[in-house]
Amino acid sequence: KTQATKSQNQLPLPPGNLGLPVIGETISFLSDPDFATKRQKKYGNIFKTNLFGSPTIMMIGAEANRFIFSGENQNFTIKWPETVAVLLGPASLSMQTGSIHQTRRKLLSQAFQPRALASYTPAMVEITNSYLQKWANLGQLTWYPELRQYTFDVACKLLVGTDTTNDHHFTELFEEWSGGLFTLSIRLPWTKFSKALKCREQLLTKIEQIILQRQKQPSSEQDALGLLLNAKDEDGNSLSIDELKDQILTLLFAGHETLTSALSSFCLLLAQKPEILAAARKEQQQITCTDMLTSEHLKQMTYLDQILKEVLRVIPPVGGGFREVIQSCEFNGYRIPQGWSLLYQIGKTHQDETIYKDAQNFDPERFDPTRAEDKSKPFSYVTFGGGMRECVGKEFAKLEMKIFAALLLRGYEWELVAGQNLDLIMIPTSQPRDGLKVIFGSI
Ligand code: HEM
């Protein structure tokens with residue numbers, strides 16, 4: 001081992017620029033959507049920078065993803081920037097490590113097993129139909145905030161059994177809270193981080209009320225909150241109220257923020273690609289469904305699966321993931337030093353021309369079983385991350401996207417309002433700058 005450490009120490013660090021003291025390159029990272037692209041052009045697929053107060057190595061591509069996911073807990077561990085860590089809270093699944101992380105993950109994944117998902121379908125269909133009807137009545141709307149209300153409503157009803165349909169304050173709190181996620185950790189009254197911290201307190205109070213309510217009226221629901229309430233830790237004790245609150249905060253956040261982004265990208269991309277929209281509608285017309293949409297119907301929509309997968313390739317809601325190096329190692333001849341941060345890149349992995357032909361192009365056919373471009377190399381499709389920290393809500397997300405898309409295609413049409421800014425804000429999740437203004441109606 002000493003021999004290996006010695007030779008590792010002689011290896012060069014990746015190329016790149018550490019930027020200013022303390023701030024590093026954080027400001028450009030946050031404000032420049034081409035941050036990674038510019039540096040990839042200059043330095044290649046691995047380079048160093050300094051983000052959120054840590055020297056950081058950014059790595060792009062399938063091999064890098066495999067390297068990071070397979071080194072979890074040995075060479076790397078989760079490490080979100082300070083603001084994300086504080087706002088999520090120490091007992092969030094996204095922050096836990098080691099054996100606690102594994103037991104909690106196992107517990108929560110029960111809420112996303114096929115049987116649980118099948119039980120969510122009727123409620124998802126019902127909520128989706130009522131929102132679609134509401135939007136048709138509006139005729140013209142800014143869709144992104146509406147989509148947020150919808151995904152939040154689904155998350156609250158299905159993950160914690162609470163109806164928040166008319167509680168706009170709850171979603172507003174989440175919005176301001178998430179505005180502080182990837183910022184500099186400066187606690188002055190006017191910073192986004194300080195405002196977000198205040199929102200965290202208010203969110204936790206609301207969540208505590210939901211938990212207490214449920215404890216008073218226990219139900220047999222096997223939703224995420226039910227599982228957490230029934231769980232016992234290693235010593236046979238129930239989970240602490242502080243842990244319950246952090247876990248629910250994370251689930252409600254992760255369960256709606258990413259999905260809002262994914263749905264709005266679907267609506268945007270299909271509005272821009274009439275041929276694909278027409279083909280998607282044709283598939284829907286071939287599937288007869290006189291009553292309620294069921295899992296059986298959904299299974300038949302294979303072209304829709306390809307479209308949704310392609311939406312998440314072209315505009316992945318989450319840009320990448322952070323890790324800390326806990327044991328120095330080597331990658332492609334470069335030193336990866338202990339104590340540094342690592343950032344794997346989802347969007348740039350999906351732009352690799354050696355894997356995806358005309359990678360810039362929105363082309364659902366690339367996921368047709370005869371082409372299956374993402375199968376050419378492991379970890380070339382990483383919308384949901386990978387390895388032991390892969391998204392725990394992945395199947396829930398796919399189900400909700402599919403139900404939303406199918407019902408939308410079957411009964412409604414939409415058109416982008418001219419003159420709006422469709423550029424994407426990337427952080428914390430990708431979303432159109434002007435919030436996606438559309439004219440909406442039933443067919
Ligand atoms: C983790 C993406 C939906 C809950 C992750 C990660 C990614 C991701 C990339 C891994 C981050 C890392 O490597 O550190 C997405 C996308 C979604 C989505 C693109 C929607 C299209 C959801 C939903 C839920 C959820 C619906 C819950 C209901 C979580 C949790 C983690 C996670 C709790 C942390 C897992 C862990 O650290 O073990 N997600 N997610 N996500 N996701 Fe999702």
Side-chain angles (χ1 to χ4, degrees), residues 59 64-66 68-73 76-81 84-85 88-89 91-113 116-117 120 124 147 151-152 154-160 223-225 227-228 246-266 308-324 341-347 349-350 379 381-405 426 428-431:
M59 293 171 110
N65 298 335
R66 188 222 286 261
I68 293 173
F69 297 144
S70 61
E72 201 84 55
N73 280 351
F76 317 116
T77 186
I78 195 86
K79 189 203 175 197
W80 291 101
V84 180
L88 284 174
S92 151
L93 183 71
S94 312
M95 293 295 300
Q96 290 169 322
T97 55
S99 62
I100 295 224
H101 172 249
Q102 274 171 24
T103 53
R104 298 302 189 267
R105 216 185 131 90
K106 209 165 149 195
L107 175 70
L108 284 170
S109 52
Q110 290 175 50
F112 307 111
Q113 294 298 327
L117 293 171
Y120 299 151
M124 270 192 197
L147 287 168
T151 54
F152 189 64
V154 173
C156 285
K157 284 198 180 116
L158 298 184
L159 300 176
V160 301
D223 60 8
L225 178 55
L227 289 163
L228 287 165
D246 277 359
Q247 295 289 20
I248 296 297
L249 179 70
T250 291
L251 285 178
L252 290 182
F253 162 63
H256 91 284
E257 170 89 26
T258 47
L259 268 165
T260 310
S261 163
L263 298 180
S264 110
S265 301
F266 171 85
L308 296 174
K309 193 163 178 182
E310 178 68 343
V311 167
L312 294 174
R313 180 191 71 86
V314 180
I315 313 182
V318 179
F322 283 88
R323 300 291 186 271
E324 180 185 1
S341 293
L342 274 188
L343 178 55
Y344 74 87
Q345 269 290 322
I346 297 174
T349 298
H350 293 173
F379 301 110
Y381 185 85
V382 286
T383 288
F384 294 100
M388 61 174 81
R389 296 209 90 104
E390 189 185 40
C391 179
V392 81
K394 175 177 153 182
E395 295 305 325
F396 184 92
K398 283 161 68 174
L399 178 66
E400 188 171 336
M401 284 182 77
K402 203 163 176 186
I403 289 176
F404 170 85
M426 305 308 285
T429 53
S430 36
Q431 51 185 283

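For ligands, and for the atoms within them, numbers begin at 1 and follow the listed sequence.
- With a 6.0 Å radius and a threshold of 12 heavy atoms from other residues, nucleotides or ligands, Arg66 has its CZ atom at or below the threshold.
- When only modelled atom types and interatomic distance are considered, Thr429 and Glu257 share a side-chain donor-acceptor pair under 3.5 Å.
- Nearest protein heavy-atom contact of atom 24 (C) of ligand 1 is Gly393 CA, 3.6 Å.
- Comparing Trp80, Phe69, Phe112 against atom 28 (C) of ligand 1, the shortest heavy-atom distance belongs to Phe112.
- With Phe112 as the aromatic partner, Lys394 does not meet the cation-pi criteria of under 6.0 angstrom to the ring centre and within 45 degrees of the ring axis.
- Numbered from 1 in the order shown, with element, the atoms of ligand 1 that lie under 4.0 Å from a heavy atom of Leu159 read 28 (C).
- Near Thr383, with a cut-off below 4.0 Å to any heavy atom, the atoms of ligand 1 are 2 (C), 9 (C), 19 (C).
- Side-chain N/O atoms of Thr250 and Ser94 include no donor and acceptor closer than 3.5 Å.
- Ranking the protein heavy atoms by distance from atom 25 (C) of ligand 1 puts Ala254 CB, 3.6 Å first.
- Every N/O-N/O distance between Lys394 and ligand 1 stays at or above 3.5 Å.
- Annotation: Ser94 places no N or O atom under 3.5 Å from an N or O atom of ligand 1; distance criterion only.
- Those atoms of ligand 1 with a heavy atom of Arg323 less than 4.0 angstrom away are 12 (C), 13 (O), 14 (O).
- Between His101 and ligand 1 there is a heavy-atom distance shorter than 4.0 Å.
- The residue from Pro317, Ser261, Ser430, Cys391 that puts a heavy atom closest to atom 39 (N) of ligand 1 is Cys391.
- In summary, the side chains of Ser261 and Ser430 do present a donor paired with an acceptor at a separation below 3.5 Å, with no hydrogens or angles considered.
- Using a 4.0 Å cut-off to heavy atoms of Ile346, the atoms of ligand 1 that qualify are 9 (C).
- Taking the six-membered ring where the residue is Trp, Phe69 and Tyr344 present perpendicular rings, their angle passing 60° and hence far from 30°.
- Within the listing of ligand 1, atoms 2 (C) sit less than 4.0 angstrom from a heavy atom of Val318.
- Looking at Thr97, Thr258, Leu88, Thr429, it is Thr258 that brings a heavy atom closest to atom 18 (C) of ligand 1.
- When only interatomic distances are considered, the shortest N/O to N/O separation between Arg105 and ligand 1 falls below 3.5 Å.
- Annotation: atom 30 (C) of ligand 1 to nearest protein heavy atom, Val392 CG1, 3.8 Å.
- Any N or O atom pair closer than 3.5 Å counts here, and Tyr344 shares at least one such pair with ligand 1.
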